Amino acid sequence: MIRGRRRIRFREEDRTAVFDLAFREGIRLGGERRRGDLFESSARSADAERLFDLLTEAGIGASLSEPYGLPALFRFCVRRPGIPAGLLAALFWMVFTSGLVWDIRIEGNRNVPDEEVEAILAEQGFGIGTRYGGVNFDQLQADCLASQNELAWLSVYMDGTVARVQVWEMRPWSRNKHPDGMGANVIAAEDGVVEEIRVYSGEAAAKAGEVIRAGEVAISGVMEKKDGGVRFAYAEGEVLVTTVRALSAEVPFRRTEIRPTGAEKRRFTLKIFKKTVKLFENSGFDGGSCDTIDTIGQVCLFGRIRLPVWIGAERIRETEPVEVILTPEEAEAEAKADLRRQIRDAAADGQIAGEMTRMEVLEDRCRADAVLYITRDVGVTVEFPIGPASEEPGNG
């Protein structure tokens with residue numbers, strides 16, 4: 001890559017002759033791959049040009065790609081002086097941005113992802129690119145805690161240009177803030193058989209073994225006193241219910257899939273703090289169907305120092321429709337795999353208590369069915385106002 005490379009393309013039936021000639025001439029080829037009816041390999045630019053001349057003399061048809069690598073990139077930048085000028089300006093800008101937040105490191109979180117903590121900070125105007133010299137960190141921490149109910153404690157301090165954030169998460173049953181003048185019931189979100197009700201506050205309104213319907217109260221926030229009156233509470237707890245789910249998956253024997261042709265092009269961008277600059281785009285294909293894959297990576301020096309610089313790549317691949325014909329065995333295997341995925345997703349927030357499956361091969365497709373019995377927490381909190389004129393709320 002330092003000296004530059006070129007790709008050489010030739011017919012697949014000439015592959016042995018090309019590699020024999022390269023071996024005799026001491027030319028190292030690499031990166032072999034097939035492109036349609038042609039075979040492609042790469043070599044240093046000078047070697048690729050010499051091999052091309054030798055193949056031409058031998059009557060073997062071949063073609064050369066444009067050079068790529070650092071020399072090609074250098075020539076590209078020379079023809080477009082705005083790119084190196086922009087990079088120098090960006091470097092100059094970074095040198096004089098020591099008062100800005102370059103990176104955010106979060107510690108102590110287990111259930112709340114980093115992105116959510118960063119979003120909480122961003123709502124208060126703090127993030128990468130913020131000039132931290134004028135930030136009141138005590139006020140920032142208080143505002144962050146007041147704006148959410150996932151974190152019990154949050155601390156932010158600067159370590160050079162890195163903002164270090166330490167957090168403590170609340171326990172699941174203590175996350176809800178209880179508004180003044182409000183009570184709550186916990187109702188069932190789905191029909192099922194009650195397995196267990198865990199009451200943290202309030203009073204259980206259903207028992208294990210009973211059938212509960214969606215919308216019925218499972219934990220009541222309205223409790224009767226000994227003198228015949230009622231008192232109100234903000235009911236909290238878990239309602240473990242066994243529910244029934246029906247799942248199915250079908251795979252036809254004939255279908256059309258969109259697959260890449262192998263032709264592609266890429267676009268590159270550079271992001272510094274909050275500014276994005278387009279770098280360049282390589283040649284590829286024109287028009288037609290395509291799909292896009294976006295990637296972005298942060299620049300990290302020596303594997304330890306993260307800079308507020310990101311390099312993005314947009315990969316655009318040409319696609320075409322292809323008809324696929326499956327055997328009954330292949331369709332059955334796909335249907336089983338799809339059904340297992342659905343079962344795994346359906347039971348992600350619960351535990352499978354029972355399962356019945358059936359496989360059926362039809363004239364033009366394969367069908368897989370399953371009935372699941374899943375035990376999960378189906379409790380949903382429904383608030384109601386508490387006041388002198390409040391009446392006992394109904395179910396839900």
Side-chain angles (χ1 to χ4, degrees), residues 86-87 89-184 200-201 234-236 269-278 294-313 349 380-383 385-386:
L87 293 175
L91 181 61
F92 179 81
W93 177 41
M94 288 170 57
V95 170
F96 290 93
T97 54
S98 58
L100 303 181
V101 177
W102 282 36
D103 192 15
I104 297 177
R105 305 283 181 90
I106 300 169
E107 301 172 356
N109 54 323
R110 306 179 89 180
N111 299 314
V112 181
D114 288 357
E115 293 78 9
E116 188 171 333
V117 178
E118 290 179 5
I120 294 170
L121 292 166
E123 289 177 0
Q124 307 305 323
F126 186 87
I128 293 177
T130 300
R131 190 167 295 278
Y132 58 81
V135 175
N136 184 334
F137 286 96
D138 291 337
Q139 187 63 47
L140 171 65
Q141 292 159 182
D143 292 342
C144 287
L145 291 175
S147 66
Q148 50 75 50
N149 58 9
E150 298 289 321
L151 304 177
W153 180 76
L154 178 144
S155 173
V156 183
Y157 70 94
M158 296 302 303
D159 181 8
T161 57
V162 177
R164 298 196 176 273
V165 183
Q166 296 180 333
V167 300
W168 279 72
E169 298 174 344
M170 287 189 177
R171 294 186 177 182
W173 56 84
S174 63
R175 287 181 178 173
N176 291 327
K177 288 187 175 181
H178 302 162
D180 293 337
M182 297 294 293
Y200 304 142
S201 65
Y234 200 102
E236 290 183 285
T269 57
L270 179 69
K271 180 181 177 183
I272 305 174
F273 287 112
K274 300 177 183 180
K275 303 294 183 181
T276 301
V277 179
K278 293 182 180 180
D294 291 324
T295 58
I296 188 167
Q298 189 172 8
V299 176
C300 186
L301 295 181
F302 314 113
R304 296 176 59 86
I305 305 172
R306 294 193 296 185
L307 301 180
V309 180
W310 292 262
I311 297 177
D349 60 345
V380 176
T381 301
V382 177
E383 296 179 338
I386 299 174

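This structure is a prediction, so every number in the text was calculated from the model and none was measured.
- Between Val117 and Val112 there is a side-chain heavy-atom pair separated by less than 4.5 Å.
- The side-chain contact (heavy atoms from CB on, under 4.5 Å) search around Asp349 returns Arg376, not counting sequence neighbours.
- Residues Val309 and Leu270 have side chains in contact (heavy-atom distance under 4.5 Å, counting atoms from C-beta outward).
- Side-chain contact check for Phe126 versus Val135: some heavy-atom pair is nearer than 4.5 Å.
- Partners of Trp310 by side-chain contact (heavy atoms from CB on, under 4.5 Å), not counting sequence neighbours, listed by chain and number: Ile128, Lys271, Ile296, Gln298, Pro308.
- Within the structure, the salt bridge (Lys or Arg N to Asp or Glu O under 4.0 Å) test picks out no pair touching residues 133-144 (sequence neighbours left out).
- With sequence neighbours excluded, no residue forms a side-chain hydrogen bond (donor to acceptor under 3.5 Å, both in side chains) with Asn136.
- Contact check for Val299 versus Ile311: side-chain heavy atoms found under the 4.5 Å cut-off.
- Residues Glu118 and Ile106 have side chains in contact (heavy-atom distance under 4.5 Å, counting atoms from C-beta outward).
- The CD atom of Gln141 sits 4.5 Å away from atom OG of Ser155, with the distance rounded to the nearest 0.5 Å.
- For Ala313, the side-chain contact (heavy atoms from CB on, under 4.5 Å) partners at least two apart in sequence or on another chain are Phe268, Thr295.
- For Glu115, the side-chain contact (heavy atoms from CB on, under 4.5 Å) partners at least two apart in sequence or on another chain are Pro113.
- Under the side-chain hydrogen bond (donor to acceptor under 3.5 Å, both in side chains) criterion, Asp114 pairs with Asn109, not counting sequence neighbours.
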